[in-house]
Protein chains: 2
Amino acid sequence: MRKDGNAQVKPYHHGDLSRALVEAGRRILEAEGPEALSLRAVAREAGVSPAAPYHHFKDKRELLEAVAQQGWTALEVAIRESKAKGKEPRKAIVEVGLAYVLFAQRNPKLYRLMYDLARSRTDMPQAKGGAGAYHQVQCALIDAGEDLAEPFNLQLSTIACWAAGHGLAELAGFKQFDHIKAAMGGEEAFLRGVLEHIQVYGRQLTPAT
Amino acid sequence: MRKDGNAQVKPYHHGDLSRALVEAGRRILEAEGPEALSLRAVAREAGVSPAAPYHHFKDKRELLEAVAQQGWTALEVAIRESKAKGKEPRKAIVEVGLAYVLFAQRNPKLYRLMYDLARSRTDMPQAKGGAGAYHQVQCALIDAGEDLAEPFNLQLSTIACWAAGHGLAELAGFKQFDHIKAAMGGEEAFLRGVLEHIQVYGRQLTPAT
DNA sequence: GGGTTATCTAAACAGCGTCCACATAAGGAC
DNA sequence: GTCCTTATGTGGACGCTGTTTAGATAACCC
(Lines give C-alpha, C1' and ligand atoms only; values in the text may rest on other atoms or scores of the structure.)
Protein backbone atom coordinates (compact mmCIF):
# COMPACT_ATOMS: atom_id res chain seq x y z
CA MET A 1 0.00 0.00 0.00
CA ARG A 2 2.59 2.57 -1.09
CA LYS A 3 2.30 5.34 -3.60
CA ASP A 4 4.91 6.27 -6.16
CA GLY A 5 4.12 9.70 -7.44
CA ASN A 6 0.44 9.50 -8.37
CA ALA A 7 0.44 6.00 -9.91
CA GLN A 8 -0.46 3.15 -7.60
CA VAL A 9 2.35 0.63 -7.89
CA LYS A 10 1.67 -2.90 -6.75
CA PRO A 11 4.22 -3.56 -4.04
CA TYR A 12 6.42 -6.60 -4.37
CA HIS A 13 5.25 -7.87 -1.03
CA HIS A 14 1.55 -8.19 -0.48
CA GLY A 15 1.49 -7.32 3.18
CA ASP A 16 -1.29 -9.64 4.35
CA LEU A 17 -1.29 -12.42 1.81
CA SER A 18 -2.18 -15.22 4.16
CA ARG A 19 -5.50 -13.67 5.06
CA ALA A 20 -6.14 -12.53 1.51
CA LEU A 21 -5.70 -16.08 0.24
CA VAL A 22 -8.20 -17.51 2.69
CA GLU A 23 -10.76 -14.87 1.77
CA ALA A 24 -10.17 -15.41 -1.92
CA GLY A 25 -10.72 -19.10 -1.32
CA ARG A 26 -14.04 -18.45 0.35
CA ARG A 27 -15.17 -16.15 -2.45
CA ILE A 28 -14.28 -18.65 -5.15
CA LEU A 29 -15.90 -21.51 -3.26
CA GLU A 30 -19.21 -19.69 -2.89
CA ALA A 31 -19.19 -18.06 -6.32
CA GLU A 32 -17.83 -20.77 -8.59
CA GLY A 33 -18.07 -23.99 -6.61
CA PRO A 34 -15.56 -26.42 -5.21
CA GLU A 35 -14.25 -27.67 -8.56
CA ALA A 36 -13.07 -24.14 -9.39
CA LEU A 37 -11.34 -23.81 -6.03
CA SER A 38 -7.77 -24.38 -7.22
CA LEU A 39 -4.63 -23.06 -5.60
CA ARG A 40 -3.78 -21.26 -8.80
CA ALA A 41 -7.19 -19.62 -8.97
CA VAL A 42 -6.85 -18.44 -5.39
CA ALA A 43 -3.43 -17.00 -6.13
CA ARG A 44 -4.79 -15.34 -9.26
CA GLU A 45 -7.63 -13.76 -7.30
CA ALA A 46 -5.16 -12.44 -4.76
CA GLY A 47 -3.03 -11.02 -7.58
CA VAL A 48 -0.03 -13.15 -6.85
CA SER A 49 2.00 -15.87 -8.55
CA PRO A 50 1.00 -19.55 -8.27
CA ALA A 51 3.96 -20.34 -6.03
CA ALA A 52 3.42 -17.54 -3.55
CA PRO A 53 0.91 -19.38 -1.35
CA TYR A 54 3.58 -21.94 -0.50
CA HIS A 55 5.25 -19.42 1.76
CA HIS A 56 2.11 -19.34 3.91
CA PHE A 57 0.63 -22.82 3.57
CA LYS A 58 2.57 -26.01 3.08
CA ASP A 59 -0.20 -27.45 0.94
CA LYS A 60 -3.35 -26.67 -0.93
CA ARG A 61 -4.93 -28.74 1.78
CA GLU A 62 -3.63 -26.48 4.52
CA LEU A 63 -5.19 -23.46 2.86
CA LEU A 64 -8.52 -25.23 2.59
CA GLU A 65 -8.30 -26.17 6.25
CA ALA A 66 -8.02 -22.49 7.06
CA VAL A 67 -11.14 -21.78 5.03
CA ALA A 68 -12.98 -24.64 6.72
CA GLN A 69 -11.94 -23.44 10.16
CA GLN A 70 -13.85 -20.22 9.56
CA GLY A 71 -16.86 -22.39 8.90
CA TRP A 72 -16.56 -24.36 12.15
CA THR A 73 -16.28 -21.15 14.09
CA ALA A 74 -19.32 -19.65 12.37
CA LEU A 75 -21.28 -22.84 12.98
CA GLU A 76 -20.55 -22.74 16.67
CA VAL A 77 -21.71 -19.13 16.84
CA ALA A 78 -24.94 -20.03 15.06
CA ILE A 79 -25.63 -22.88 17.48
CA ARG A 80 -24.87 -20.79 20.52
CA GLU A 81 -27.18 -18.03 19.38
CA SER A 82 -29.99 -20.45 18.66
CA LYS A 83 -30.04 -21.64 22.24
CA ALA A 84 -31.31 -18.29 23.38
CA LYS A 85 -34.42 -18.74 21.26
CA GLY A 86 -35.73 -21.85 22.94
CA LYS A 87 -36.50 -20.92 26.51
CA GLU A 88 -37.47 -24.36 27.66
CA PRO A 89 -34.55 -26.79 27.50
CA ARG A 90 -36.66 -29.29 25.59
CA LYS A 91 -37.45 -26.85 22.84
CA ALA A 92 -33.88 -25.65 22.83
CA ILE A 93 -32.78 -29.01 21.46
CA VAL A 94 -34.95 -28.61 18.41
CA GLU A 95 -33.78 -25.02 17.97
CA VAL A 96 -30.17 -26.14 18.06
CA GLY A 97 -30.86 -28.81 15.47
CA LEU A 98 -32.65 -26.32 13.28
CA ALA A 99 -29.83 -23.81 13.55
CA TYR A 100 -27.35 -26.49 12.59
CA VAL A 101 -29.27 -27.55 9.51
CA LEU A 102 -30.01 -23.99 8.46
CA PHE A 103 -26.32 -23.17 8.64
CA ALA A 104 -25.63 -26.04 6.27
CA GLN A 105 -28.41 -24.92 3.95
CA ARG A 106 -27.13 -21.36 3.80
CA ASN A 107 -23.46 -22.28 3.32
CA PRO A 108 -23.72 -25.56 1.46
CA LYS A 109 -20.34 -25.51 -0.22
CA LEU A 110 -18.53 -24.39 2.90
CA TYR A 111 -20.33 -27.03 4.93
CA ARG A 112 -19.26 -29.67 2.44
CA LEU A 113 -15.66 -28.54 2.54
CA MET A 114 -15.69 -28.73 6.33
CA TYR A 115 -16.72 -32.37 6.32
CA ASP A 116 -14.62 -33.38 3.32
CA LEU A 117 -11.52 -32.28 5.17
CA ALA A 118 -12.67 -33.70 8.50
CA ARG A 119 -13.32 -37.10 6.97
CA SER A 120 -9.93 -37.40 5.35
CA ARG A 121 -8.41 -36.44 8.68
CA THR A 122 -10.65 -39.05 10.35
CA ASP A 123 -11.14 -36.48 13.05
CA MET A 124 -13.84 -33.95 13.83
CA PRO A 125 -12.52 -30.47 14.44
CA GLN A 126 -13.87 -28.24 17.11
CA ALA A 127 -14.20 -24.55 16.59
CA LYS A 128 -11.28 -22.98 18.37
CA GLY A 129 -12.98 -19.94 19.86
CA GLY A 130 -14.82 -21.86 22.53
CA ALA A 131 -15.51 -25.41 23.51
CA GLY A 132 -16.67 -26.35 20.04
CA ALA A 133 -19.95 -26.86 18.27
CA TYR A 134 -20.12 -30.44 19.46
CA HIS A 135 -19.89 -29.28 23.03
CA GLN A 136 -22.70 -26.81 22.45
CA VAL A 137 -25.00 -29.63 21.44
CA GLN A 138 -23.96 -31.66 24.45
CA CYS A 139 -24.77 -28.79 26.80
CA ALA A 140 -28.22 -28.40 25.27
CA LEU A 141 -28.82 -32.06 26.01
CA ILE A 142 -27.59 -31.75 29.56
CA ASP A 143 -30.01 -28.90 30.13
CA ALA A 144 -32.86 -31.05 28.89
CA GLY A 145 -31.54 -34.23 30.40
CA GLU A 146 -34.03 -34.44 33.22
CA ASP A 147 -36.83 -34.57 30.68
CA LEU A 148 -35.41 -37.48 28.76
CA ALA A 149 -36.49 -40.95 29.67
CA GLU A 150 -34.09 -43.46 31.22
CA PRO A 151 -31.85 -45.25 30.39
CA PHE A 152 -30.14 -42.19 29.05
CA ASN A 153 -26.54 -42.03 27.85
CA LEU A 154 -25.37 -38.48 27.32
CA GLN A 155 -22.58 -39.29 24.91
CA LEU A 156 -24.71 -41.53 22.75
CA SER A 157 -27.48 -38.98 22.71
CA THR A 158 -25.12 -36.23 21.66
CA ILE A 159 -23.82 -38.35 18.84
CA ALA A 160 -27.37 -39.24 17.86
CA CYS A 161 -28.31 -35.59 17.87
CA TRP A 162 -25.37 -34.58 15.76
CA ALA A 163 -25.86 -37.47 13.35
CA ALA A 164 -29.50 -36.62 12.81
CA GLY A 165 -28.69 -32.98 12.18
CA HIS A 166 -25.83 -33.74 9.86
CA GLY A 167 -27.81 -36.31 7.93
CA LEU A 168 -30.72 -33.97 7.47
CA ALA A 169 -28.33 -31.21 6.43
CA GLU A 170 -27.06 -33.37 3.60
CA LEU A 171 -30.42 -34.74 2.57
CA ALA A 172 -32.46 -31.58 2.68
CA GLY A 173 -30.80 -30.23 -0.43
CA PHE A 174 -32.09 -32.99 -2.67
CA LYS A 175 -34.67 -31.62 -4.99
CA GLN A 176 -37.00 -34.58 -4.70
CA PHE A 177 -38.14 -33.06 -1.40
CA ASP A 178 -39.08 -29.77 -3.02
CA HIS A 179 -42.77 -30.53 -3.24
CA ILE A 180 -42.91 -31.54 0.41
CA LYS A 181 -41.26 -28.29 1.39
CA ALA A 182 -43.77 -26.38 -0.69
CA ALA A 183 -46.69 -28.29 0.82
CA MET A 184 -45.46 -27.53 4.32
CA GLY A 185 -45.07 -23.86 3.58
CA GLY A 186 -41.35 -23.39 3.32
CA GLU A 187 -38.02 -24.92 4.02
CA GLU A 188 -37.84 -24.09 7.70
CA ALA A 189 -41.19 -25.71 8.39
CA PHE A 190 -40.03 -28.79 6.53
CA LEU A 191 -36.80 -29.02 8.48
CA ARG A 192 -38.63 -28.53 11.76
CA GLY A 193 -41.09 -31.20 10.80
CA VAL A 194 -38.38 -33.74 10.08
CA LEU A 195 -36.51 -32.89 13.28
CA GLU A 196 -39.65 -33.45 15.30
CA HIS A 197 -40.01 -36.89 13.75
CA ILE A 198 -36.52 -38.01 14.60
CA GLN A 199 -37.68 -40.30 17.36
CA VAL A 200 -38.18 -43.01 14.74
CA TYR A 201 -35.50 -45.13 16.27
CA GLY A 202 -35.38 -44.89 20.00
CA ARG A 203 -35.82 -46.86 23.15
CA GLN A 204 -39.57 -46.90 23.16
CA LEU A 205 -39.34 -48.96 19.98
CA THR A 206 -36.89 -51.47 21.35
CA PRO A 207 -37.55 -51.82 25.05
CA ALA A 208 -34.88 -53.88 26.80
CA THR A 209 -33.19 -55.44 23.81
CA MET B 1 -9.47 -63.32 -26.39
CA ARG B 2 -7.82 -64.75 -29.49
CA LYS B 3 -4.63 -66.75 -29.85
CA ASP B 4 -2.03 -66.30 -32.56
CA GLY B 5 0.14 -69.34 -32.66
CA ASN B 6 1.20 -69.88 -29.06
CA ALA B 7 1.82 -66.26 -28.10
CA GLN B 8 -1.08 -64.40 -26.50
CA VAL B 9 -1.59 -61.27 -28.56
CA LYS B 10 -3.58 -58.50 -27.00
CA PRO B 11 -6.48 -57.94 -29.35
CA TYR B 12 -7.04 -54.48 -30.66
CA HIS B 13 -10.58 -54.48 -29.35
CA HIS B 14 -11.05 -55.30 -25.72
CA GLY B 15 -14.35 -57.10 -26.00
CA ASP B 16 -15.98 -55.97 -22.76
CA LEU B 17 -14.28 -52.73 -21.95
CA SER B 18 -17.25 -50.97 -20.46
CA ARG B 19 -17.60 -53.52 -17.68
CA ALA B 20 -13.84 -53.80 -17.24
CA LEU B 21 -13.56 -50.05 -16.70
CA VAL B 22 -16.21 -50.00 -13.99
CA GLU B 23 -14.56 -52.88 -12.18
CA ALA B 24 -11.14 -51.27 -12.49
CA GLY B 25 -12.68 -48.14 -11.02
CA ARG B 26 -14.00 -50.04 -8.04
CA ARG B 27 -10.66 -51.73 -7.45
CA ILE B 28 -8.74 -48.49 -7.56
CA LEU B 29 -11.25 -46.74 -5.33
CA GLU B 30 -11.02 -49.37 -2.62
CA ALA B 31 -7.29 -50.00 -2.95
CA GLU B 32 -5.85 -46.53 -3.48
CA GLY B 33 -8.58 -44.13 -2.49
CA PRO B 34 -10.66 -41.57 -4.34
CA GLU B 35 -7.79 -39.20 -5.14
CA ALA B 36 -6.12 -41.96 -7.17
CA LEU B 37 -9.33 -42.70 -9.06
CA SER B 38 -8.47 -40.93 -12.30
CA LEU B 39 -9.79 -41.76 -15.72
CA ARG B 40 -6.26 -42.39 -16.92
CA ALA B 41 -5.54 -44.75 -14.05
CA VAL B 42 -8.70 -46.69 -14.79
CA ALA B 43 -7.74 -46.95 -18.46
CA ARG B 44 -4.23 -48.02 -17.47
CA GLU B 45 -5.60 -50.74 -15.19
CA ALA B 46 -7.80 -51.99 -18.01
CA GLY B 47 -4.79 -52.01 -20.33
CA VAL B 48 -6.16 -49.44 -22.70
CA SER B 49 -5.31 -45.93 -23.91
CA PRO B 50 -6.52 -42.85 -22.00
CA ALA B 51 -8.99 -41.96 -24.73
CA ALA B 52 -10.63 -45.38 -25.00
CA PRO B 53 -13.14 -44.87 -22.16
CA TYR B 54 -14.71 -42.02 -24.10
CA HIS B 55 -16.30 -44.54 -26.45
CA HIS B 56 -18.25 -45.97 -23.53
CA PHE B 57 -18.78 -43.02 -21.19
CA LYS B 58 -19.21 -39.43 -22.22
CA ASP B 59 -17.40 -38.25 -19.11
CA LYS B 60 -15.29 -39.29 -16.19
CA ARG B 61 -18.39 -38.48 -14.23
CA GLU B 62 -20.49 -40.97 -16.16
CA LEU B 63 -18.03 -43.74 -15.38
CA LEU B 64 -18.12 -42.87 -11.70
CA GLU B 65 -21.91 -42.90 -11.81
CA ALA B 66 -21.75 -46.47 -13.05
CA VAL B 67 -19.49 -47.40 -10.13
CA ALA B 68 -21.80 -45.65 -7.70
CA GLN B 69 -24.85 -47.39 -9.13
CA GLN B 70 -23.37 -50.72 -8.10
CA GLY B 71 -23.19 -49.28 -4.61
CA TRP B 72 -26.84 -48.23 -4.52
CA THR B 73 -27.90 -51.65 -5.68
CA ALA B 74 -25.75 -53.38 -3.07
CA LEU B 75 -27.11 -51.06 -0.37
CA GLU B 76 -30.67 -51.94 -1.25
CA VAL B 77 -29.87 -55.63 -1.06
CA ALA B 78 -28.27 -55.16 2.36
CA ILE B 79 -31.32 -53.32 3.65
CA ARG B 80 -33.75 -55.85 2.28
CA GLU B 81 -31.86 -58.72 3.85
CA SER B 82 -31.69 -57.00 7.21
CA LYS B 83 -35.47 -56.84 7.44
CA ALA B 84 -35.64 -60.59 7.75
CA LYS B 85 -33.61 -60.43 10.94
CA GLY B 86 -36.01 -58.30 12.93
CA LYS B 87 -39.18 -60.31 13.31
CA GLU B 88 -41.17 -57.64 15.05
CA PRO B 89 -41.74 -54.58 12.86
CA ARG B 90 -40.48 -52.32 15.62
CA LYS B 91 -37.15 -54.08 15.87
CA ALA B 92 -36.94 -54.27 12.12
CA ILE B 93 -36.53 -50.50 11.96
CA VAL B 94 -33.41 -50.64 14.07
CA GLU B 95 -32.09 -53.57 12.06
CA VAL B 96 -32.58 -51.61 8.86
CA GLY B 97 -30.75 -48.64 10.30
CA LEU B 98 -27.93 -50.84 11.49
CA ALA B 99 -27.63 -52.52 8.10
CA TYR B 100 -27.48 -49.13 6.43
CA VAL B 101 -24.72 -47.85 8.67
CA LEU B 102 -22.75 -51.09 8.51
CA PHE B 103 -22.84 -50.96 4.73
CA ALA B 104 -21.32 -47.49 4.88
CA GLN B 105 -18.69 -48.65 7.37
CA ARG B 106 -17.65 -51.57 5.22
CA ASN B 107 -17.56 -49.66 1.94
CA PRO B 108 -16.60 -46.19 3.08
CA LYS B 109 -15.07 -44.95 -0.13
CA LEU B 110 -17.85 -46.33 -2.27
CA TYR B 111 -20.44 -44.84 0.08
CA ARG B 112 -18.74 -41.46 -0.20
CA LEU B 113 -18.67 -41.64 -3.96
CA MET B 114 -22.37 -42.43 -4.02
CA TYR B 115 -23.27 -39.29 -2.09
CA ASP B 116 -20.71 -37.06 -3.75
CA LEU B 117 -22.32 -37.75 -7.08
CA ALA B 118 -25.85 -37.57 -5.71
CA ARG B 119 -25.22 -34.20 -4.17
CA SER B 120 -23.85 -32.61 -7.30
CA ARG B 121 -26.87 -33.99 -9.13
CA THR B 122 -29.10 -32.53 -6.38
CA ASP B 123 -31.02 -35.75 -6.69
CA MET B 124 -31.03 -39.00 -4.74
CA PRO B 125 -30.75 -42.04 -6.94
CA GLN B 126 -32.74 -45.15 -6.31
CA ALA B 127 -31.27 -48.54 -6.94
CA LYS B 128 -32.68 -49.69 -10.24
CA GLY B 129 -33.24 -53.35 -9.46
CA GLY B 130 -36.25 -52.76 -7.25
CA ALA B 131 -38.11 -49.91 -5.70
CA GLY B 132 -34.96 -48.40 -4.22
CA ALA B 133 -33.29 -48.35 -0.85
CA TYR B 134 -35.36 -45.36 0.20
CA HIS B 135 -38.52 -47.30 -0.48
CA GLN B 136 -37.23 -50.17 1.62
CA VAL B 137 -36.93 -47.89 4.61
CA GLN B 138 -40.38 -46.49 4.01
CA CYS B 139 -41.87 -49.98 3.96
CA ALA B 140 -40.19 -50.85 7.24
CA LEU B 141 -41.83 -47.79 8.75
CA ILE B 142 -45.24 -48.68 7.34
CA ASP B 143 -44.96 -52.10 8.93
CA ALA B 144 -44.20 -50.53 12.28
CA GLY B 145 -46.52 -47.58 11.76
CA GLU B 146 -49.22 -48.77 14.09
CA ASP B 147 -46.74 -48.73 16.93
CA LEU B 148 -45.67 -45.17 16.40
CA ALA B 149 -47.43 -42.47 18.31
CA GLU B 150 -49.65 -39.91 16.59
CA PRO B 151 -49.39 -37.47 14.91
CA PHE B 152 -47.35 -39.49 12.52
CA ASN B 153 -46.25 -38.41 9.05
CA LEU B 154 -44.85 -41.25 7.03
CA GLN B 155 -42.83 -39.16 4.63
CA LEU B 156 -41.24 -37.06 7.36
CA SER B 157 -40.46 -40.15 9.37
CA THR B 158 -38.83 -41.83 6.42
CA ILE B 159 -36.68 -38.79 5.81
CA ALA B 160 -35.85 -38.62 9.50
CA CYS B 161 -34.90 -42.26 9.47
CA TRP B 162 -32.69 -41.89 6.46
CA ALA B 163 -31.09 -38.73 7.77
CA ALA B 164 -30.25 -40.31 11.09
CA GLY B 165 -28.73 -43.33 9.41
CA HIS B 166 -26.76 -41.29 6.92
CA GLY B 167 -25.50 -38.91 9.55
CA LEU B 168 -24.36 -41.71 11.79
CA ALA B 169 -22.70 -43.40 8.83
CA GLU B 170 -20.58 -40.34 8.25
CA LEU B 171 -19.83 -39.66 11.88
CA ALA B 172 -19.05 -43.16 13.04
CA GLY B 173 -15.75 -43.19 11.19
CA PHE B 174 -14.26 -40.37 13.23
CA LYS B 175 -11.58 -41.70 15.46
CA GLN B 176 -12.55 -39.63 18.47
CA PHE B 177 -15.31 -42.19 19.05
CA ASP B 178 -12.88 -45.07 19.18
CA HIS B 179 -12.75 -45.27 22.94
CA ILE B 180 -16.53 -45.31 23.21
CA LYS B 181 -16.67 -48.17 20.74
CA ALA B 182 -14.11 -50.07 22.76
CA ALA B 183 -15.98 -49.43 26.00
CA MET B 184 -19.19 -50.71 24.47
CA GLY B 185 -17.55 -53.85 23.18
CA GLY B 186 -17.27 -53.24 19.48
CA GLU B 187 -18.47 -51.13 16.64
CA GLU B 188 -21.80 -52.80 16.11
CA ALA B 189 -22.78 -52.35 19.73
CA PHE B 190 -21.82 -48.71 19.48
CA LEU B 191 -23.87 -48.16 16.35
CA ARG B 192 -26.85 -49.93 17.86
CA GLY B 193 -26.53 -47.84 20.96
CA VAL B 194 -26.58 -44.60 19.02
CA LEU B 195 -29.51 -45.72 16.88
CA GLU B 196 -31.49 -46.54 19.98
CA HIS B 197 -30.88 -43.02 21.27
CA ILE B 198 -32.10 -41.31 18.15
CA GLN B 199 -35.34 -40.22 19.74
CA VAL B 200 -33.50 -37.15 21.02
CA TYR B 201 -35.60 -34.88 18.92
CA GLY B 202 -39.16 -36.04 18.60
CA ARG B 203 -42.69 -35.18 19.44
CA GLN B 204 -42.57 -36.17 23.03
CA LEU B 205 -40.06 -33.38 23.48
CA THR B 206 -42.12 -30.73 21.74
CA PRO B 207 -45.77 -31.60 22.28
CA ALA B 208 -48.09 -29.44 20.16
CA THR B 209 -45.70 -26.70 19.15
C1' DG C 1 -15.74 -58.75 -51.05
C1' DG C 2 -17.04 -53.86 -49.93
C1' DG C 3 -18.96 -50.29 -47.23
C1' DT C 4 -20.53 -48.91 -42.75
C1' DT C 5 -19.92 -48.60 -38.01
C1' DA C 6 -17.93 -49.50 -33.51
C1' DT C 7 -13.83 -49.42 -31.12
C1' DC C 8 -9.14 -48.29 -30.04
C1' DT C 9 -4.44 -45.47 -30.45
C1' DA C 10 -1.29 -41.54 -30.63
C1' DA C 11 -0.65 -36.97 -30.04
C1' DA C 12 -1.95 -32.75 -28.52
C1' DC C 13 -4.18 -29.03 -25.43
C1' DA C 14 -4.93 -26.37 -21.22
C1' DG C 15 -5.13 -26.58 -16.35
C1' DC C 16 -3.65 -28.50 -12.11
C1' DG C 17 -0.34 -29.06 -7.58
C1' DT C 18 4.23 -28.62 -6.55
C1' DC C 19 9.20 -27.61 -6.56
C1' DC C 20 13.31 -25.11 -7.90
C1' DA C 21 16.50 -21.17 -8.52
C1' DC C 22 16.49 -16.63 -8.11
C1' DA C 23 14.70 -11.59 -7.13
C1' DT C 24 13.16 -8.36 -3.85
C1' DA C 25 12.46 -6.17 0.32
C1' DA C 26 12.06 -5.82 5.37
C1' DG C 27 14.41 -5.90 9.99
C1' DG C 28 18.08 -6.10 13.27
C1' DA C 29 23.26 -5.52 14.48
C1' DC C 30 26.84 -2.66 14.27
C1' DG D 1 23.90 4.44 7.09
C1' DT D 2 25.70 -0.35 5.81
C1' DC D 3 25.68 -5.46 6.05
C1' DC D 4 23.70 -9.74 6.81
C1' DT D 5 19.83 -12.62 7.65
C1' DT D 6 15.30 -13.84 6.86
C1' DA D 7 10.72 -13.50 4.98
C1' DT D 8 8.23 -13.17 0.94
C1' DG D 9 7.65 -12.67 -3.81
C1' DT D 10 8.50 -14.30 -9.30
C1' DG D 11 9.22 -17.29 -13.43
C1' DG D 12 9.83 -21.54 -15.21
C1' DA D 13 9.71 -26.28 -15.06
C1' DC D 14 7.91 -31.21 -14.00
C1' DG D 15 4.49 -34.80 -14.23
C1' DC D 16 -0.12 -35.46 -13.68
C1' DT D 17 -5.01 -34.69 -15.01
C1' DG D 18 -9.62 -34.57 -18.27
C1' DT D 19 -10.68 -34.04 -22.85
C1' DT D 20 -10.49 -33.58 -28.04
C1' DT D 21 -8.92 -34.66 -32.63
C1' DA D 22 -7.31 -37.40 -36.50
C1' DG D 23 -6.41 -41.66 -37.98
C1' DA D 24 -5.79 -46.95 -37.38
C1' DT D 25 -8.08 -51.39 -36.77
C1' DA D 26 -11.53 -54.74 -36.82
C1' DA D 27 -16.22 -56.41 -36.52
C1' DC D 28 -20.61 -56.64 -38.84
C1' DC D 29 -23.95 -56.63 -42.55
C1' DC D 30 -25.39 -56.58 -47.45
Between N107(B) (side chain) and L110(B) (backbone), is there a donor-acceptor pair under 3.5 Å? no

With sequence neighbours excluded, residues passing side chain to side chain donor-acceptor pair (under 3.5 Å) with T122(A): none

If the cut-off is 4.0 Å, is H56(A) near the phosphate of dG9(D), judged by side-chain N/O to OP1 or OP2? yes

Quick one: what's the B/S/- string for nucleotides 11-19 of chain D, heavy-atom cutoff under 4.0 Å, read 5' to 3'? B-B---BBB

Those residues that, when tested against E23(B), pass salt bridge (Lys or Arg N to Asp or Glu O under 4.0 Å) (two or more places apart): none

Taking only residues two or more places apart in sequence or in another chain, which ones pass ring-ring contact (aromatic ring centres under 6.0 Å, His included) with F103(B)? none

Atom-pair distance (CG on D16(A); C1' on dT8(D)), nearest Å: 13 Å

Considering residues at least two apart in sequence or located in another chain, which fulfil the side chain to side chain donor-acceptor pair (under 3.5 Å) criterion with K175(B)? D123(A)

For DNA chain C, the residues among residues 21-34 of chain B that have a non-hydrogen atom under 4.0 Å from it: none

Kindly write out the residues that satisfy salt bridge (Lys or Arg N to Asp or Glu O under 4.0 Å) with E30(A), not counting sequence neighbours, or none if the list is empty. none

Report the distance from atom CD of E35(A) to atom P of dG15(C), rounded to the nearest whole Å. 15 Å

Under the side chain to side chain donor-acceptor pair (under 3.5 Å) rule, what pairs show up with a residue in residues 33-48 of chain A, not counting sequence neighbours? R27(A)-E45(A)

In whole angstrom, give the distance that lies between atom CZ of F57(A) and atom C1' of dG9(D). 15 Å

Here the distance between atom P of dT24(C) and atom NE2 of H55(A), to the nearest Å, is 15 Å

Can you list everything that forms a salt bridge (Lys or Arg N to Asp or Glu O under 4.0 Å) with E188(B)? Sequence neighbours excluded, please. R192(B)

